[in-house]
**Q** 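A single structure is presented below for examination.
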There are 2 protein chains.
Amino acid sequence: MNAVGKKTGSEFSERLNTGGFRFTPQRQQVYDVLLQKRDHPTAEEVFIRAKKQMPEISHATVYNCLDALVECGLLRQVQLDRGATRFCPNMREHCHFYCDVCDSVYDVDLPAKSQPGVSLPKGFKAERYEIAIHGVCPDCAKAKMKK
Amino acid sequence: MNAVGKKTGSEFSERLNTGGFRFTPQRQQVYDVLLQKRDHPTAEEVFIRAKKQMPEISHATVYNCLDALVECGLLRQVQLDRGATRFCPNMREHCHFYCDVCDSVYDVDLPAKSQPGVSLPKGFKAERYEIAIHGVCPDCAKAKMKK
DNA sequence: GTCAAGATTTGGAATAATTCTAAATTGTGG
DNA sequence: CCACAATTTAGAATTATTCCAAATCTTGAC
């Protein structure tokens, strides 16, 4: 993996295989869209961007691809507000800052040993943590002050 | 506030007023539904339950009430998966455990000083943290083992 | 108390997000 | 080359949420 977390074609393909999926140009395209602009797009937005390179791609395929990529650990699914689900290709441990004013999303690094020491009742098996910070982004904070 | 976090009628009404809202029987009813069964229902589920006591209540009103109650700090809105938003009347600091198998949600207490020491870049104003733990609940874990 | 203004509710339509379906296409192993 | 399974496609269907205009309710001013 290089500095920006991009995977080579064969790494990408391997990941899919490991998860029981085949490599397809559509899956590659969807993944590329996510890597190209890391603004946590919704499925609809991914569809629009993917269409530019691959005009015949369908809605259902985009959903299928996103699900497959999430399942094999190449993408994360992010749930922030009542709106559409967003997707994120950054698989490092991090959390999301969500601006309640403009709906933008930012990746935020977590301190090294941050796994919150939550103790779960007996029998619960935790698989992953999702931390979202809601607030106001710098741009919107500035805009607010002017008022 | 008593042991289960229930508010008296007047506390409830005050909260609404402070947020700039009026007391209405519908808002009371919606809030009561949330208090009666703390299983993190969706808006649709709240609608169904509220209808039992108040058959004329409408869909739009349930959404309006839920939004009002969230805004004046009587409810929390919980986003866990691609499905509908859920609501939670527990305003103590806690996080949610979501069972990816059966979709059930559990409140999980956070250790006293758990506010993750996330350092936000300059200019970001954090207002609240939402922590979700995804995994498998005891029932589903048991069911899985049998297979 | 009465009236006007503003808040709230209602039912239904509209929109948005996601899933489903059946047929066509593609890729793979035998 | 064939059969089978995975995948894609377009479009319909479903689910979740929001919007809208009309009716109703509440409150403060008089």
Side-chain angles (χ1 to χ4, degrees), chain A residues 9 12-33 40-51 53-72 74-75 77-87 103 105, chain B residues 12-33 40-51 53-72 74-75 77-87 100 103 105:
Chain A
F12 176 72
S13 182
E14 256 172 55
R15 277 297 190 102
L16 281 169
N17 292 158
T18 309
F21 297 100
R22 290 187 185 161
F23 169 92
T24 71
Q26 288 86 347
R27 286 173 181 162
Q28 177 77 71
Q29 175 64 35
V30 164
Y31 187 54
D32 284 349
V33 163
H40 303 81
T42 63
E44 179 64 20
E45 187 57 41
V46 172
F47 175 59
I48 292 167
R49 295 182 197 171
K51 251 188 132 105
Q53 301 289 313
M54 192 180 263
E56 351 64 54
I57 198 170
S58 81
H59 226 141
T61 300
V62 169
Y63 275 94
N64 161 344
C65 293
L66 289 169
D67 287 348
L69 295 173
V70 166
E71 203 167 316
C72 64
L74 288 159
L75 295 182
Q77 207 174 326
V78 189
Q79 234 39 74
L80 288 162
D81 63 348
R82 218 129 96 180
T85 302
R86 292 147 177 274
F87 296 85
D103 292 339
V105 179
Chain B
F12 176 72
S13 183
E14 256 172 56
R15 278 300 189 101
L16 282 169
N17 290 160
T18 309
F21 297 100
R22 290 186 184 160
F23 170 91
T24 72
Q26 288 85 349
R27 285 173 181 161
Q28 177 77 70
Q29 175 64 36
V30 164
Y31 187 54
D32 284 350
V33 163
H40 303 83
T42 62
E44 178 64 20
E45 188 58 40
V46 173
F47 175 60
I48 292 167
R49 295 183 197 169
K51 251 187 131 110
Q53 302 288 313
M54 192 180 265
E56 351 63 54
I57 199 170
S58 80
H59 225 141
T61 299
V62 170
Y63 276 95
N64 162 342
C65 293
L66 289 169
D67 287 347
L69 295 173
V70 167
E71 204 166 315
C72 62
L74 287 160
L75 295 181
Q77 206 175 327
V78 189
Q79 249 17 92
L80 289 161
D81 62 347
R82 218 127 95 179
T85 302
R86 292 147 176 274
F87 295 86
D100 287 316
D103 291 338
V105 179

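Not measured: the values here are computed from a predicted model. Naming convention: chains lettered A, B, ... in sequence-line order (proteins, then strands); numbering from 1 in each chain.
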**Q** Of all heavy-atom pairs between A:Pro41 and A:Val46, which one has the smallest distance, and what is that distance?
**A**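 What the structure gives for the nearest pair is CG-CG2, 3.8 Å.
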
**Q** 5' to 3' on DNA chain C, which nucleotides open and close the contacts with chain B (atom under 4.0 Å from a heavy atom)?
**A** C:dG6 to C:dT19

**Q** Between A:Arg27 and A:Asn64, is any pair of side-chain heavy atoms under 4.5 Å apart?
**A** yes

**Q** Check ring pair (Phe, Tyr, Trp, His ring centres under 6.0 Å) between B:Phe47 and all other residues, then give those that pass, not counting sequence neighbours.
**A** B:His59

**Q** For B:Phe21, check ring pair (Phe, Tyr, Trp, His ring centres under 6.0 Å) against everything at least two apart and list the hits.
**A**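 Checked B:Phe21 against ring pair (Phe, Tyr, Trp, His ring centres under 6.0 Å); zero matches.
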
**Q** How many whole angstroms separate atom CZ of B:Arg82 from atom P of D:dT17?
**A**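 In whole Å, D:dT17 P and B:Arg82 CZ are 15 Å from each other.
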
**Q** Between atom CG in A:Leu16 and atom C1' in D:dA6, what is the gap in whole Å?
**A** 13 Å

**Q** Could you tell me how far apart B:Phe87 (CZ) and D:dT17 (C1') are, to the nearest whole angstrom?
**A**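 After rounding, the gap between these two atoms is 10 Å.
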
**Q** Taking only residues two or more places apart in sequence or in another chain, which ones pass salt bridge (charged side-chain N to carboxylate O under 4.0 Å, His left out) with A:Arg86?
**A** none

**Q** B:Gln79: what forms a side chain to side chain contact (heavy atoms under 4.5 Å, CB included) with it, not counting sequence neighbours?
**A**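 B:Gln79 satisfies side chain to side chain contact (heavy atoms under 4.5 Å, CB included) with A:Gln79, B:Gln77, B:Thr85 once adjacent residues are dropped.
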
**Q** Who are the side chain to side chain donor-acceptor pair (under 3.5 Å) partners of B:Asn17, not counting sequence neighbours?
**A** none

**Q** Among residues 42-49 of chain B, which ones have heavy-atom contacts with DNA chain D below 4.0 Å?
**A**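 Going residue by residue through residues 42-49 of chain B, none turns out to have a heavy atom under 4.0 Å of DNA chain D.
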
**Q** Please give the angle, rounded to 10 degrees, between the axes at the start and the end of the helix from C:dG1-D:dC30 to C:dG30-D:dC1, where five pairs define each axis.
**A** 30°

**Q** Checking A:Thr61 now: which residues fulfil side chain to side chain contact (heavy atoms under 4.5 Å, CB included) with it, not counting sequence neighbours?
**A**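 With neighbours one apart ignored, the set is A:Gln26, A:Ile57, A:Ser58, A:Cys65.
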
**Q** Can you measure from OG1 (A:Thr42) to CG (A:Leu80) and round to the nearest 0.5 angstrom?
**A**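 One finds 12.0 Å between OG1 of A:Thr42 and CG of A:Leu80.
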
**Q** Taking C-beta and beyond as the side chain, do A:Glu44 and A:Val62 meet within less than 4.5 Å on heavy atoms?
**A**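 Of all side-chain heavy-atom pairs linking A:Val62 with A:Glu44, none is under 4.5 Å.
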
**Q** Who pairs with A:Glu45 by side chain to side chain donor-acceptor pair (under 3.5 Å), at least two apart in sequence or on another chain?
**A** A:Arg49

**Q** Rounded to the nearest Å, what distance is computed from the OH atom of residue A:Tyr63 to the C1' atom of nucleotide D:dT14?
**A** 13 Å

**Q** Name the orientation class of the two ring planes belonging to B:Tyr31 and B:Phe12 (parallel below 30°, tilted from 30 to 60°, perpendicular beyond 60°).
**A** parallel

**Q** Which residues pass the salt bridge (charged side-chain N to carboxylate O under 4.0 Å, His left out) test with A:Arg82, not counting sequence neighbours?
**A**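 Scan of A:Arg82 (salt bridge (charged side-chain N to carboxylate O under 4.0 Å, His left out), adjacent residues dropped) gives B:Asp67.
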
**Q** Please list each protein N or O that sits under 3.5 Å from an N or O in nucleotides 7-10 of chain D, with the distance.
**A**
from, atom 1, to, atom 2, distance (Å)
D:dT7, OP1, A:Arg22, N, 2.9
D:dT7, OP1, A:Arg27, NH1, 2.8
D:dT8, OP1, A:Thr24, OG1, 2.7
D:dT8, OP2, A:Asn64, ND2, 3.0
D:dT8, O3', A:Gln26, NE2, 3.1
D:dT9, OP1, A:Gln26, NE2, 3.4
D:dT9, OP1, A:Glu56, O, 3.4
D:dT9, OP2, A:Ser58, N, 3.3
D:dT9, OP2, A:Thr61, OG1, 2.8
D:dA10, OP2, A:Glu56, O, 3.4

